[in-house]
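Just so it is clear, the model here is predicted, and its values are computed rather than measured. Residue numbers begin at 1 in each chain, while the letters A, B, ... track the order of the sequences.
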2 protein chains.
Amino acid sequence: MNTKIRNTPNIVEEIAERTGIAVSTVYAILADRKSCFASRKLKERVKKLADELGYRPNYIAVSLKKGKTGTIGLIVSDMNAETTLGRLENMTKIAHKDSYHIFVACSYNNPDLEDELLREFYYRMVDGIVIAPARFGHESKFLSKLIELKFPIVSVTCIENVDIDFVSTDYFAGGYMAGQHLLEMGYTKPGFLGPEITTTAVKERFEGFTKVLVDNGYKIDDVNVVLVRNETNQEIEKGSDKLLETGVDAVFCTNDRIALLFMKKAIQKGKKIPEQMGIIGFDDTEVGRMSLIPLTSIRQKLAEATTQLYESLKKKIQGQNQPCKMFIKPELIVRESTKRR
Amino acid sequence: MNTKIRNTPNIVEEIAERTGIAVSTVYAILADRKSCFASRKLKERVKKLADELGYRPNYIAVSLKKGKTGTIGLIVSDMNAETTLGRLENMTKIAHKDSYHIFVACSYNNPDLEDELLREFYYRMVDGIVIAPARFGHESKFLSKLIELKFPIVSVTCIENVDIDFVSTDYFAGGYMAGQHLLEMGYTKPGFLGPEITTTAVKERFEGFTKVLVDNGYKIDDVNVVLVRNETNQEIEKGSDKLLETGVDAVFCTNDRIALLFMKKAIQKGKKIPEQMGIIGFDDTEVGRMSLIPLTSIRQKLAEATTQLYESLKKKIQGQNQPCKMFIKPELIVRESTKRR
DNA sequence: CTGAAAGCGCTTACAG
DNA sequence: CTGAAAGCGCTTACAG
């Protein structure tokens, strides 16, 4: 009975045969095991043969033996945002130092797909998972199950009703900073433009923004707010028109793209920027930086957040499960679009 | 002698014990093997137990057995470009349909790091590799070795002196289309702005561009060309000034970012766009689309290219090694920055 | 139809 | 110091 169906010729066996030593000795030599006292000459011969025959240690076999795959799964929620690429870059860079490799998959904000991806990563035996959660519908059963199993998993945002560790941008602080900056620049009728408030990240931007206005003597009713149904250009442009009609002299938009579309509309209506209209976005993306009138924005500290997140995940993988719920304040990047003074 | 050091309790063994059947029968049931004629009741009991005990098939063990890991390594050359994210998105999406998962790593255009990443992917037993090659210095020994070994690997660009299969944008055609468009719009003094020509992708853009001008009666010497040392804002702005001084009335830039920086300079110098100055970029990125004066550009057909590349790779993984060297024509996207007529 | 056995390519503990 | 053996968790071919 020979059930041996090799995918490749076994090079280690061949080396053992050719040199007349045991297979396990070959392994010992190739792994530079210190308890291996083969002669220097023999060691060299083995290594040379290995090189000639194109030997590569089978990482899969090692993984099976060690119970660790040296692999981290990253689930992002969309593939458009510059922040996604930033997170990915930071994560691969940091993790590579510890010889981790990164699987990437995207949920497209679809909770069902997210659930499936979590399952797949889990079955593929990744050592840990970093998730940028889908925006809606987090009754994800599998996510809860992973947490219950104490599987190493961390999130880039806080998830409502789910006890997951996270390192998130402090969106409330971001909204507060945006509003404060507009007031400091001397604008007196600040407005808000964004999508309907269905996510915590947007809700907190909004609440931070209104908070600073209230702190400065505004009444909530005095603040002009336009929420658009979705973030298509068309909807945003309609929303911009609507907000412009209210007579605002400054606006905080929930992201840079929305801010730039608003800017275009404002200019079309004859507004001078920043003199007659201050505009501030969120995320500090290249579109804002490259704009003919460079955009003031709130920058998330992605590198710092990713590092913290990674360290937390690494500890979990190593079996130390310290809770980690952390918010990181973003920073204000002042550019032309708000420089009234 | 007990060398059994489990990482986890073996759930399959436990199920076998509890139900009084053999381990291999449990596997047969869990895999829904058709040659398995256990009673329906037994099957259900086994599956329920598996569920309760949190059984997951160990993908690593399966991989070891099958000699395939269901994994593709993607090496990108930088983490800034929108095209990188586009490729990544397309690749994960397509590959996921065949249950492949994607490892992502970045060479940062560093050939040594690229070499290392190729090695790592190879050792990690990925089934295939997709590479966006580092821009310079392709004497990469390991890449050549992989090709020699007929390891499944494909590239997003043609690599000089390396016999690798690829699906690339036809940059020459792109340059040609750009020049043709400027002429058709009635511009008469077209110029070129880009980095020093050290890569094929830039060289071909340039050659396509000059070709169409020559085809239309221009002499090479009549074409104003400014090449900048590197792509920092500062260098590009200096280059823009220099090109503006030559009296060009239109310019083809090797990418959208350069085009927008040039646009800003041209506007500062009082040029009306597109009336007095036509500007065309490359890559059709969001910065160009979102610009106050939307940018005409050349769009790479990334989705199509990635699909072709994936299909070629898949065949290689399956053992059919058909050569695949393919150029895909990009498309012209006309926006405001060249609409003179 | 069921189940014991061999094997995927390694590592580890241990007998000689 | 070397090497045979057992095991990681699965699958496959085959004996009963």
Side-chain angles (χ1 to χ4, degrees), chain A residues 1-17 19-43 45-46 50 53-71 122-127, chain B residues 1-17 19-43 45-46 50 53-71 122-127:
Chain A
M1 175 164 54
N2 178 20
T3 38
K4 201 160 176 172
I5 309 170
R6 281 193 203 281
N7 304 294
T8 49
N10 188 318
I11 290 171
V12 171
E13 263 176 27
E14 189 169 341
I15 296 173
E17 267 172 40
T19 51
I21 60 176
V23 167
S24 37
T25 310
V26 175
Y27 278 121
I29 292 173
L30 290 175
D32 275 323
R33 208 151 294 154
K34 45 199 167 308
S35 76
C36 171
F37 285 68
S39 72
R40 200 174 160 186
K41 210 173 152 190
L42 177 60
K43 283 183 180 172
R45 185 145 170 249
V46 165
L53 298 173
Y55 172 74
R56 59 170 159 165
N58 186 324
Y59 202 91
I60 298 303
V62 176
S63 296
L64 179 59
K65 195 73 185 115
K66 299 228 164 142
K68 295 278 179 208
T69 55
T71 274
Y122 181 69
Y123 289 145
R124 278 170 181 261
M125 314 294 283
V126 300
D127 293 340
Chain B
M1 178 163 52
N2 179 19
T3 39
K4 201 158 177 173
I5 309 170
R6 283 193 203 281
N7 305 294
T8 48
N10 189 317
I11 290 170
V12 171
E13 262 174 29
E14 187 168 343
I15 296 173
E17 267 171 42
T19 52
I21 61 177
V23 167
S24 38
T25 310
V26 176
Y27 278 119
I29 291 172
L30 290 176
D32 274 323
R33 210 151 292 154
K34 46 198 168 306
S35 76
C36 171
F37 285 68
S39 73
R40 200 175 161 187
K41 208 173 155 191
L42 178 60
K43 285 183 180 171
R45 184 145 169 247
V46 165
L53 298 173
Y55 172 73
R56 58 171 162 168
N58 185 326
Y59 202 90
I60 297 302
V62 177
S63 296
L64 180 61
K65 194 73 186 117
K66 298 228 165 141
K68 296 274 179 210
T69 56
T71 274
Y122 182 68
Y123 290 145
R124 276 170 184 262
M125 314 293 284
V126 299
D127 293 341

The side chain of [X] lies closest to which of these nucleotides: [options]?
X: B:Ser24; options: D:dT12, D:dA4, C:dC10; value: D:dT12
X: B:Asn58; options: C:dC10, C:dT12, D:dG9; value: D:dG9
X: A:Lys66; options: D:dG9, C:dA4, C:dT12; value: C:dT12
X: B:Ala22; options: D:dA4, C:dA4, C:dG9; value: C:dA4

Could you tell me how far apart [X] ([atom1]) and [N] ([atom2]) are, to the nearest whole angstrom?
X: A:Lys43; N: D:dC1; atom1: NZ; atom2: C1'; answer: 11 Å
X: A:Arg33; N: C:dC14; atom1: CZ; atom2: P; answer: 15 Å
X: B:Glu13; N: C:dG3; atom1: CD; atom2: P; answer: 15 Å
X: A:Ile29; N: C:dT11; atom1: CD1; atom2: P; answer: 14 Å
X: A:Ile11; N: C:dC8; atom1: CD1; atom2: P; answer: 14 Å
X: B:Leu64; N: C:dC8; atom1: CG; atom2: C1'; answer: 4 Å
X: B:Ile60; N: C:dG9; atom1: CD1; atom2: P; answer: 15 Å
X: A:Ile21; N: D:dA4; atom1: CD1; atom2: C1'; answer: 14 Å

For a quick test of reading the model: is some side-chain N or O of [X] closer than 4.0 Å to OP1 or OP2 of [N]?
X: B:Tyr123; N: C:dC10; value: no
X: A:Arg56; N: C:dG9; value: no
X: B:Tyr27; N: D:dT11; value: no
X: A:Thr25; N: D:dG3; value: yes

### Task
Compare all side-chain heavy atoms of B:Val26 with those of B:Leu30 and state whether any distance is below 4.5 angstrom.
yes
### Message
Going by side-chain contact (heavy atoms from CB on, under 4.5 Å), name the residues that satisfy it together with B:Thr69, two or more places apart in sequence or in a different chain.
### Response
A:Ile60, B:Ser63, B:Thr71, B:Met125, B:Asp127
### Message
If the condition is side-chain contact (heavy atoms from CB on, under 4.5 Å), which residues does A:Ala31 pass it with, not counting sequence neighbours?
### Response
A:Arg33
### Query
So which one's nearest nucleotide on DNA chain C is more toward 5', B:Gly20 or A:Ala61?
B:Gly20
### Query
Residues two or more places apart in sequence or in another chain: which of them pass ring pair (Phe, Tyr, Trp, His ring centres under 6.0 Å) with B:Tyr55?
none
### Query
What residues form a ring pair (Phe, Tyr, Trp, His ring centres under 6.0 Å) with A:Tyr122, not counting sequence neighbours?
A:Phe142, A:Phe151
### Query
Do B:Tyr59 and A:Arg124 have side-chain N/O donor and acceptor atoms under 3.5 Å apart?
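The answer is yes; a qualifying pair exists.
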### Task
First locate atom CD1 of A:Ile29, then atom CG of A:Leu42, and finally report the distance between them rounded to the nearest 0.5 Å.
4.5 Å
### Message
Expected output check: what is the dot-bracket annotation of DNA chain D, where ( ) and [ ] are pairs inside the strand (brackets for crossing ones), | is paired with another strand, and pairs are Watson-Crick or G-U under 3.5 Å?
### Response
|||.||||||||.|||
